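None of the values given here were measured: they were computed from a predicted structure. Letters A, B, ... mirror the listed sequences (proteins, then strands); counts begin at 1.
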There are 2 protein chains.
Amino acid sequence: MKPKPRLFAAPDLDALDDSIVRELSRDARLSMTELARRVGLSKTPVLARVRRLEEAGLITGYHATLSWPKLGLGCVTFVQVRLTDTREKALRAFNAAVSAVPEVEECHMIASGFDYLLKVRTRDVASYREVMGEKLSELPHVASTSSFVALEVVKDG
Amino acid sequence: MKPKPRLFAAPDLDALDDSIVRELSRDARLSMTELARRVGLSKTPVLARVRRLEEAGLITGYHATLSWPKLGLGCVTFVQVRLTDTREKALRAFNAAVSAVPEVEECHMIASGFDYLLKVRTRDVASYREVMGEKLSELPHVASTSSFVALEVVKDG
DNA sequence: CCTGAAAAATTATTCGC
DNA sequence: GCGAATAATTTTTCAGG
């Protein structure tokens, strides 16, 4: 018999936890009753497992997914940011400040060529220009930015 | 009196729809009862509005958010991809093929310098190397790729 | 650690207004 | 869009393997 392939690589998750996470990942509004049916367990252990997964921080939340274009936020821009100072204290200041900018959907520290890569979501390019000028370039220790506007979002979140 | 600021820019959403979307975006598991209480409406219109938002495709789904590091998928890599052919047919082939790669979390077509920017999630760098060699570089019309591994995920999804 | 059923609490849904 | 009543589900608990 072929062992069922796990989606996730965490060692302390058994196949049932894996199924639970996968199901809730696909549909966060499942009731415990329906979830139990899908993973082939009764409700009692399923509820206990979900609680455990939540408390262990493996499941961090449940969120509605939105159509950004239809909500009027269809413009995605990637920004390479270079800092003037990359010592720990400066990085921390930048991290905190950039996290507080709502238009910044993602921020990743990158190894080479530039220091950070940001993903920014705005209404349109004009709106991005504003965010860049008024918010991004004002972030602490920013030396320079390079922006790349997405022509088409092929796959997202 | 100050008009309440809207989060979203879509013209056909009133302030109540805006609140509903925002609440469900924060907690997808809210019951209609609790949601109604929060937006200050009774259940009947709230349910009708949620259905409308779902059917109009503004709300596309409800998903559990996961701690990728704790699930053993803590490695984020951005990949710039350049194609050998950027005619419509080639773009379409690439779009379809890249969308089917599960490790590719995002894919954006970019205006200049390179053609696509991919966000790839893997267990670790070794695992990314495999994905790159076996999947990404085999995608249709790929001329070259440049990979940037994230040292730290400051803000995500 | 899981099952299954019973009890209690919420919820969705449908009315008339 | 409201608020109450109904009907359906769900959460939660508990005895038992």
Show the distances under 3.5 angstrom between N or O atoms of the protein and N or O atoms of nucleotides 2-6 of chain D.
unit_1, atom_1, unit_2, atom_2, d
D/dC2, OP2, B/S42, N, 2.8
D/dC2, OP2, B/S42, OG, 3.0
D/dG3, O6, B/T44, OG1, 2.8

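Stem regions for DNA chain C, each three or more consecutive Watson-Crick or G-U pairs with both distances under 3.5 Å and listed by first number, read C:1-6 with D:12-17, C:8-17 with D:1-10.
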Could you go through the salt bridge (Lys or Arg N to Asp or Glu O under 4.0 Å) check for B/D156 and A/K119 one step at a time? CA-CA 9 Å; B/D156 198 354; A/K119 180 188 178 193; over 6 Å; no
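At a threshold of 4.5 Å between side-chain heavy atoms, the hydrophobic network of Ile, Leu, Val, Met, Phe, Trp and Tyr places B/L24 and A/L71 in one connected group.
Backbone-only contact: A/S31 has heavy atoms under 4.0 Å from sugar-phosphate atoms and none from a base.
If you check residues 46-59 of chain A against DNA chain D, the residues with a heavy atom closer than 4.0 Å are A/L47, A/R51, listed by number.
Along DNA chain D, the nucleotide nearest to B/D14 and the one nearest to B/R29 differ in position, and the one closer to the 5' end is contacted by B/D14.
A cation-pi contact links B/R29 to A/Y62, judged by a cut-off of 6.0 Å to the six-membered ring centre and 45° from its axis.
Remark: the backbone N or O of B/T65 is paired with a side-chain donor or acceptor of A/T60 at under 3.5 angstrom. Using a distance-only test at 3.5 Å, with no hydrogens or angles considered, no donor-acceptor pair links the side chain of B/D85 to the main chain of B/A90.
Side-chain contact between B/L30 and B/R38: present, with at least one pair of heavy atoms (C-beta onward) separated by less than 4.5 Å.
Rounded to the nearest Å, the gap between the C1' atom of D/dG17 and that of C/dA7 is 22 Å.
Around CZ of B/R123, the count of heavy atoms belonging to other residues, nucleotides or ligands within 6.0 Å does not exceed 12.
Using the six-membered ring where Trp is involved, B/F78 and A/F78 have ring planes that are perpendicular, over 60° apart on the 30 and 60° scheme.
Under a 4.0 Å N-O distance rule, the pair A/R49/A/D14 qualifies as a salt bridge.
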